[in-house]
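Residue numbering restarts at 1 for every chain, and letters A, B, ... go by the order of the sequence lines.
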Protein chains: 2
Amino acid sequence: MSLPAPRADRESQWLKGVLDLAVLAALAREGSAYGYGLLRSLADAELGGLKGGTVYPVLGRLEDEGLVRSEWVTGGAGPPRRYFFLTAGGRAALDEGRAGWTSFADRMTRALEG
Amino acid sequence: MSLPAPRADRESQWLKGVLDLAVLAALAREGSAYGYGLLRSLADAELGGLKGGTVYPVLGRLEDEGLVRSEWVTGGAGPPRRYFFLTAGGRAALDEGRAGWTSFADRMTRALEG
DNA sequence: GGCTGGTAGATGGTATGGCCAACTAGTTGA
DNA sequence: TCAACTAGTTGGCCATACCATCTACCAGCC
């Protein structure tokens with residue numbers, strides 16, 4: 001391929017560094033959630049077409065950073081689910097990230113309009 | 001180091017895929033510009049602390065994609081400057097990118113507030 | 001019992017692109 | 001001659017979203 005524009009969906013680039021905040025926000029909104037459910041609510045709603053291979057590593061990173069806690073729940077219908085909850089640190093990180101994002105988005109939008 | 005949060009400045013992640021649009025917008029605003037000037041106007045204004053190693057490759061990519069044209073200008077004060085101009089394709093890409101960005105930023109902001 | 005299909009989670013490799021550091025070169029002034 | 005500033009270039013690093021693939025559990029069906 002030698003087409004000039006690789007076209008690599010800009011949106012997937014834009015998600016970088018924001019996806020974790022989106023996940024934190026979804027957890028804050030829903031109280032708790034398991035990966036597969038998040039996957040579908042995020043994909044059906046605002047942010048299009050996320051796949052498991054994208055979301056699960058995010059949850060893993062968030063747990064490594066102590067921003068979420070997880071808990072296996074077995075015995076329901078289907079395979080066991082791993083439910084995630086925000087920690088206090090996660091809530092703080094979400095607030096901070098929200099502020100940073102709105103600031104950045106404003107500056108960027110202004111830069112694009114000039 | 002074992003601190004949980006690697007702290008890798010979120011903003012630098014957010015710039016991914018948006019910086020090229022910011023550069024296109026700056027060129028559209030100023031008519032033409034050379035790299036070092038762009039560097040300073042972008043850094044002084046909205047988007048903080050950009051370095052040469054970040055901006056010059058962007059200009060190179062934009063030229064490879066046919067979105068900008070460049071022209072060396074020698075004989076002024078100081079080293080030769082390479083001036084960049086938007087092409088028609090660049091203007092179209094800017095419009096398209098602007099629309100995509102505002103849409104994404106809106107959806108993202110809504111997702112963060114929920 | 002075996003099949004199939006949907007649910008749930010995990011993993012590895014790839015490619016993108018901003019970052020830093022170092023480098024070359026031209027001009028100006030001491 | 002030397003230093004400082006301007007201007008552009010290059011190479012390697014690293015985080016992270018993407019894709020494809022894999023395991024495993026359960027339900028319904030024959």
Taking only N and O in the side chain of [X], is any of them less than 4.0 Å away from OP1 or OP2 of [N]?
X	N	value
A:Tyr56	C:dA8	no
B:Arg10	C:dC19	no
A:Tyr34	C:dA8	yes

Are any of the side-chain heavy atoms of B:Arg10 and B:Gln13 separated by less than 4.5 Å?
-> no
Taking the side chain as every heavy atom from C-beta outward, state whether B:Trp101 and A:Leu112 have any atom pair closer than 4.5 Å.
-> yes
Exam field: side chain [X] to backbone [Y], donor-acceptor pair closer than 3.5 Å:
X	Y	answer
A:Trp14	B:Gly17	yes
A:Arg98	A:Leu21	no
A:Thr109	A:Ala105	yes

Report all side-chain donor-acceptor pairs from residues 47-58 of chain B shorter than 3.5 Å, counting only partners two or more places apart or in another chain.
from	atom 1	to	atom 2	distance (Å)
B:Tyr56	OH	B:Tyr36	N	3.4

Salt-bridge criterion met for A:Arg82 and A:Glu63 (N-O under 4.0 Å) | yes
Can A:Arg29 and B:Glu113 be counted as an ion pair, charged N to O under 4.0 angstrom?
-> no
Looking for any heavy atom pair under 4.0 Å, which part of the strands does [X] touch: base, sugar-phosphate only, or nothing?
X	answer
A:Trp14	nothing
B:Gly78	sugar-phosphate
B:Gly35	sugar-phosphate

Among D:dT16, D:dG8, C:dC19, find the nucleotide with the atom closest to the side chain of B:Ser12.
-> C:dC19
Residue-level proximity of residues 15-25 of chain A to DNA chain C when a heavy atom falls under 4.0 Å | A:Lys16
Return the residues of residues 79-86 of chain A meeting this criterion: a heavy atom under 4.0 Å from some atom of DNA chain C. Order them by number, or give none.
-> A:Pro79, A:Pro80, A:Arg81, A:Arg82
Give the rounded distance in Å between these two atoms: CD of B:Glu11 and P of D:dC14.
-> 22 Å
Over how many whole Å does the gap from B:Trp72 atom CH2 to C:dA25 atom C1' extend?
-> 10 Å
Are side-chain N/O atoms of A:Arg91 and A:Thr87 paired as donor and acceptor at under 3.5 Å?
-> no
